[in-house]
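Presented below is the structure to which this report refers.
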Amino acid sequence: MGRLEGKVALITGAGAGIGRATALLFAEEGAKVMVADFVPAGGHETVKMIKEAGGQAAFVEADVSKSADVQRMVNLTVDTFGRLDILFNNAGIQSKFMMTADTPEEAWDRIFATNIKGVFLGSKHAIPVMLQQGSGVIISTASAAGVIGLPGTGAYGASKAGIISLTRTMALEYADRNIRVNCISPGTIMTSMSPGAIDPENVPPFHQSQAMRRFAQPGEVATVALYLASNDSSFVTGTNTVVDGGYTAGVPKQKPKKPATG
Ligand SMILES: NC(=O)c1ccc[n+]([C@@H]2O[C@H](COP(=O)([O-])OP(=O)(O)OC[C@H]3O[C@@H](n4cnc5c(N)ncnc54)[C@H](O)[C@@H]3O)[C@@H](O)[C@H]2O)c1
């Protein structure tokens with residue numbers, strides 16, 4: 001029996017990267033998965049992959065920065081699968097690296113609308129369902145950039161720090177109503193968003209300083225999301241789990257002779 005048997009999960013940004021890897025893993029562990037993304041092609045592909053593996057999934061097109069889309073995405077999850085046990089607020093965007101004074105207001109607003117307002121809206125619309133059910137789990141994807149300063153990522157890092165703060169507040173607000181709220185802060189993960197994936201030969205120096213001297217695969221974040229979604233973490237709420245190969249632990253003392261294995 002899977003660790004999420006009988007559970008219903010709604011995952012945003014599930015058409016690619018970390019969201020897709022998590023959708024596949026949750027389905028493999030028995031969850032019915034609502035795949036949400038504002039890019040239909042990626043979302044449909046994730047659903048196809050889940051079904052081919054014998055799991056249950058459906059797709060909803062939704063932009064997490066738009067309240068009406070998010071309300072519809074939550075409603076459709078309940079209408080399709082009967083409940084909503086796990087919300088994974090994972091959709092997020094990054095921009096090119098820009099010093100603060102060079103950051104256009106439009107870029108700042110766009111990043112905040114998706115990254116932090118998206119988490120707020122997802123939680124706002126899912127919590128009433130969870131309160132009615134008497135239980136629920138909310139997980140959000142923050143970032144190592146929200147834990148430490150990173151030159152050139154002011155808007156992104158500030159939005160992700162906001163997710164860590166909102167996670168703690170919501171955890172306190174709903175702990176006695178059986179809703180657990182946690183977030184995950186990945187380091188550099190090999191997805192379309194990571195500089196390592198886009199241009200492996202030209203990664204900014206701070207991205208190369210992870211103590212384990214390698215970038216992670218999306219599945220290495222998905223396994224942490226599974227832990228937070230399942231009863232394995234039944235007494236865990238209000239936390240930020242860093243998944244960064246030691247990146248935020250400090251400056252690596254010396255370069256290891258060979259990469260640490262995953
Ligand atoms: N890749 C990394 O190195 C890294 C590091 C730290 C944090 N993160 C965070 O992980 C999360 C997932 O990113 P990823 O690396 O898998 O990137 P990705 O680009 O592979 O996937 C992101 C998905 O989110 C979707 N999306 C973006 N904006 C959306 C919106 N407004 N509404 C709905 N869907 C939207 C995209 O279409 C895409 O399918 C993001 O929140 C990102 O900030 C990534």
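Computed over heavy atoms, backbone and side chain alike; hydrogens, waters and symmetry mates excluded. Note that ligands are numbered from 1 as they come in the structure, with each ligand's atoms numbered from 1 the same way.
- Counting atoms of ligand 1 from 1 in the listed order, those under 4.0 Å from a heavy atom of Gly17 are 16 (O), 20 (O).
- When the options Met73, Lys66, Met193 are ranked by their closest heavy atom to atom 44 (C) of ligand 1, first place goes to Met193.
- When heavy-atom distances to ligand 1 are checked against a 4.0 Å cut-off, Ala62 comes that close only through its backbone atoms N, CA, C and O.
- Residues Ile93 and Met193 approach most closely at CA-CE, 3.8 Å, considering heavy atoms.
- Counting the atoms of ligand 1 from 1 in the order shown, those under 4.0 Å from a heavy atom of Ile93 are 27 (C), 28 (N).
- If you look at Arg20 next to ligand 1, there are no close heavy atoms at all, none under 4.0 Å.
- The closest approach between a heavy atom of Met190 and any atom of ligand 1 is not below 4.0 Å.
- Below 3.5 Å of separation, one finds an N or O of Asp63 facing an N or O of ligand 1.
- Arg83 CZ to Gln133 CD: the interatomic distance, rounded to the nearest 0.5 Å, is 4.0 Å.
- Asp232 meets the side chain to side chain contact (heavy atoms under 4.5 Å, CB included) test with Arg3, Tyr227, Ser230; sequence neighbours excluded.
- Atoms of ligand 1 lying under 4.0 Å from at least one heavy atom of Lys160, given by number and element, are 40 (C), 41 (O), 42 (C), 43 (O).
- In terms of polar-atom proximity, defined here as any N/O pair under 3.5 Å, Thr188 makes no such contact with ligand 1.
- With 3.5 Å as the limit, one finds no donor-acceptor pair spanning the side chains of Asn90 and Thr12.
- In terms of modelled atom types and a separation under 3.5 Å, the side chain of Gln132 and the main chain of Val129 share no donor-acceptor contact.
- The side chain to side chain donor-acceptor pair (under 3.5 Å) test with Ser67 is passed by exactly one of Lys124, Lys117, His125: His125.
- In this comparison of Ile189, Thr141, Ile163, the heavy atom closest to atom 9 (C) of ligand 1 sits on Thr141.
- Contacts between Thr12 and ligand 1 below 4.0 angstrom, taking non-hydrogen atoms only, are absent altogether.
- When non-hydrogen atoms are compared, ligand 1 lies under 4.0 Å from the side chain of Thr114 (C-beta onward) but not from its backbone.
- Distance check, rounded to the nearest 0.5 Å: CZ of Arg72 to NZ of Lys66 gives 10.5 Å.
- Screening Ser234, Ser233, Ser135 for a side chain to side chain donor-acceptor pair (under 3.5 Å) involving Arg180 leaves a single residue, Ser233.
- Across Gly92, Gly19, Ser143, heavy-atom proximity to atom 22 (C) of ligand 1 is greatest for Gly92.
- Residues satisfying the side chain to side chain donor-acceptor pair (under 3.5 Å) test with Asn240, not counting sequence neighbours, are Ser185.
- Taking each of Asp37, Val35, Val64, Val70 in turn, the one with a heavy atom nearest to atom 39 (O) of ligand 1 proves to be Asp37.
- Heavy-atom distances between Ser192 and ligand 1 reach below 4.0 Å in at least one pair.
- Between Leu121 and Val64 there is no side-chain heavy-atom pair separated by less than 4.5 Å.
- Of the heavy atoms in Tyr156, only side-chain atoms (C-beta onward) come closer than 4.0 Å to ligand 1.
- The residue among Ala144, Gly187, Ala145, Ala36 with a heavy atom at the shortest distance from atom 5 (C) of ligand 1 is Gly187.
- Electrostatic pairing of Glu220 and Arg214 counts as a salt bridge here, judged by a charged N lying under 4.0 Å from a carboxylate O.
- Under the 4.5 Å side-chain heavy-atom criterion for Ile, Leu, Val, Met, Phe, Trp and Tyr, Leu24 and Val221 are members of the same hydrophobic cluster.
- Contacts with ligand 1 closer than 4.0 Å are made by backbone heavy atoms (N, CA, C, O) of Ala142 only, the side chain lying farther away.
- No N or O atom of Asn115 sits closer than 3.5 Å to an N or O atom of ligand 1.
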